[in-house]
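Comments concern the structure below.
The first residue of the sequence shown is numbered 1, and numbering continues consecutively from there. Every value quoted in this text rests on a predicted model; they were computed, and no experiment measured them. Keep in mind that the numbers below use all heavy atoms, side chains included, and drop hydrogens, waters and symmetry copies.
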Amino acid sequence: MKRLSIILAALLCVVLAAVKVSAGTGDANEIEKVREFYRQYAVAFSISDNETSFAKCDSVMNIYCSAEMCKDTKKDRISGIAYDFATDNIGIDTLALQTLNVKYDNGAYTVTYKYNDMNDKRQKFIRDVKLKVGMKDDKIESVKAIE
């Protein structure tokens with residue numbers, strides 16, 4: 001019985017360690033990977049020709065994001081929704097390149113930047129964007145806006 005308890009405890013430690021690694025390690029290389037993704041994505045997203053912009057965004061996502069995230073993005077763009085998974089549909093522009101910050105906290109990355117936005121009355125304002133980015137197998141798996 002004692003041996004079984006030890007084996008189960010060891011197995012639990014292995015599972016918890018695997019979950020921690022798949023959620024993101026927080027090491028400098030992974031932080032830089034998330035930062036570089038948003039840098040390249042901001043440039044691609046800012047292209048004025050939608051067809052070219054979507055193609056470049058898809059290309060950047062294929063490098064940095066999970067297959068599931070890429071599949072969802074393409075499916076929505078083809079159907080005409082054009083939902084932007086990488087920013088939780090907020091958007092990103094060249095201002096973000098100047099203000100982009102990535103931090104690791106508790107198994108996920110917090111990406112912050114400023115974005116030139118417009119309200120329903122077409123009045124311009126600067127939005128402070130804060131995203132929670134989840135990693136799995138060294139790829140971006142999820143993005144959720146934090147209010």
Side-chain angles (χ1 to χ4, degrees), residues 2-48 50-79 81-119 124-147:
K2 188 174 184 178
R3 185 182 296 180
L4 180 61
S5 295
I6 293 171
I7 291 171
L8 288 175
L11 182 61
L12 180 62
C13 289
V14 169
V15 168
L16 290 175
V19 168
K20 176 72 173 165
V21 169
S22 69
T25 61
D27 68 28
N29 290 333
E30 204 167 70
I31 289 171
E32 186 55 33
K33 183 179 274 191
V34 173
R35 184 178 288 117
E36 187 60 25
F37 166 71
Y38 278 96
R39 281 187 197 129
Q40 290 185 30
Y41 195 83
V43 171
F45 193 82
S46 296
I47 296 172
S48 59
N50 282 343
E51 189 174 320
T52 304
S53 178
F54 285 175
K56 295 278 188 185
C57 286
D58 285 344
S59 176
V60 171
M61 287 184 71
N62 284 329
I63 295 168
Y64 293 96
C65 299
S66 70
E68 186 66 27
M69 190 167 172
C70 292
K71 177 182 155 197
D72 287 345
T73 300
K74 282 191 178 202
K75 182 174 73 177
D76 282 349
R77 285 191 180 149
I78 290 169
S79 69
I81 297 173
Y83 180 84
D84 183 16
F85 285 83
T87 67
D88 197 13
N89 217 32
I90 294 173
I92 194 166
D93 61 8
T94 53
L95 176 61
L97 293 172
Q98 301 165 19
T99 59
L100 182 66
N101 190 20
V102 179
K103 291 183 181 178
Y104 179 77
D105 185 36
N106 204 21
Y109 294 88
T110 302
V111 176
T112 58
Y113 58 87
K114 295 191 180 299
Y115 173 63
N116 291 302
D117 207 349
M118 192 178 298
N119 64 19
K124 294 181 181 181
F125 69 98
I126 295 177
R127 176 189 298 257
D128 289 317
V129 178
K130 189 172 184 181
L131 305 171
K132 181 178 179 182
V133 177
M135 299 285 284
K136 183 177 180 184
D137 299 329
D138 206 30
K139 299 277 187 172
I140 294 172
E141 175 74 12
S142 63
V143 177
K144 182 71 178 151
I146 302 170
E147 304 274 333

Between T52 and S48 (side chain of the first, backbone of the second, donor and acceptor by atom type, cut-off under 3.5 Å), is there such a pair? no

List for me each residue that meets side chain to side chain donor-acceptor pair (under 3.5 Å) alongside S142, sequence neighbours excluded, and say none if there are none. none

Please give me the minimum heavy-atom distance between L131 and A86, naming the atom from each residue. CD1-O, 3.9 Å

Which donor-acceptor pairs under 3.5 Å do the side chains of residues 55-63 make with protein atoms, sequence neighbours left out?
unit_1, atom_1, unit_2, atom_2, d
D58, OD1, R77, NH1, 2.7
N62, ND2, D58, O, 3.2

For V102, enumerate each residue passing the side chain to side chain contact (heavy atoms under 4.5 Å, CB included) test, keeping only those at least two apart in sequence or located in another chain. I31, V34, R35, Y109, V111

So, D137 side chain and K139 main chain: donor-acceptor pair closer than 3.5 Å or not? no

Closest non-hydrogen contact found for Y113 with A96 is CD1-CB, 3.4 Å

How would you list, by chain and number, every residue that makes a side chain to side chain donor-acceptor pair (under 3.5 Å) with N116, sequence neighbours excluded? D93

Donor-acceptor pairs under 3.5 angstrom involving side-chain atoms of residues 65-72: please list them, not counting sequence neighbours.
unit_1, atom_1, unit_2, atom_2, d
S66, OG, M69, N, 3.2
S66, OG, E141, OE1, 2.9

If you define the side chain from C-beta out and look only at heavy atoms, does anything of I126 sit under 4.5 Å from L95? yes

Could you list the residues that satisfy side chain to side chain contact (heavy atoms under 4.5 Å, CB included) with K144, not counting sequence neighbours? D88

Name all residues meeting the ring pair (Phe, Tyr, Trp, His ring centres under 6.0 Å) criterion together with F37; count only those two or more places apart in sequence or in a different chain, and write none if there are none. Y41, Y64

Nearest heavy-atom contact between T94 and S46 is N-OG, 3.9 Å

Name all residues meeting the side chain to side chain donor-acceptor pair (under 3.5 Å) criterion together with K114; count only those two or more places apart in sequence or in a different chain, and write none if there are none. D128

According to salt bridge (Lys or Arg N to Asp or Glu O under 4.0 Å), who are the partners of R39, at least two apart in sequence or on a separate chain? E32, E36

Not counting sequence neighbours, which residues clear side chain to side chain donor-acceptor pair (under 3.5 Å) with T110? List them please. none

Can you confirm whether I92 sits close enough to L97 that some side-chain heavy atom of one is under 4.5 Å from a side-chain heavy atom of the other? no

Quick one: salt bridge (Lys or Arg N to Asp or Glu O under 4.0 Å) pairs with a partner in residues 97-109, sequence neighbours left out? none

With sequence neighbours left out, what residues match N50 under side chain to side chain contact (heavy atoms under 4.5 Å, CB included)? none

At what distance, to the nearest 0.5 angstrom, does CZ of F54 lie from CZ of F45? 8.0 Å

How about M135 and I140: do any of their side-chain heavy atoms sit closer than 4.5 Å? yes

d(D117 CG, I90 CD1) to nearest 0.5 Å is 8.5 Å

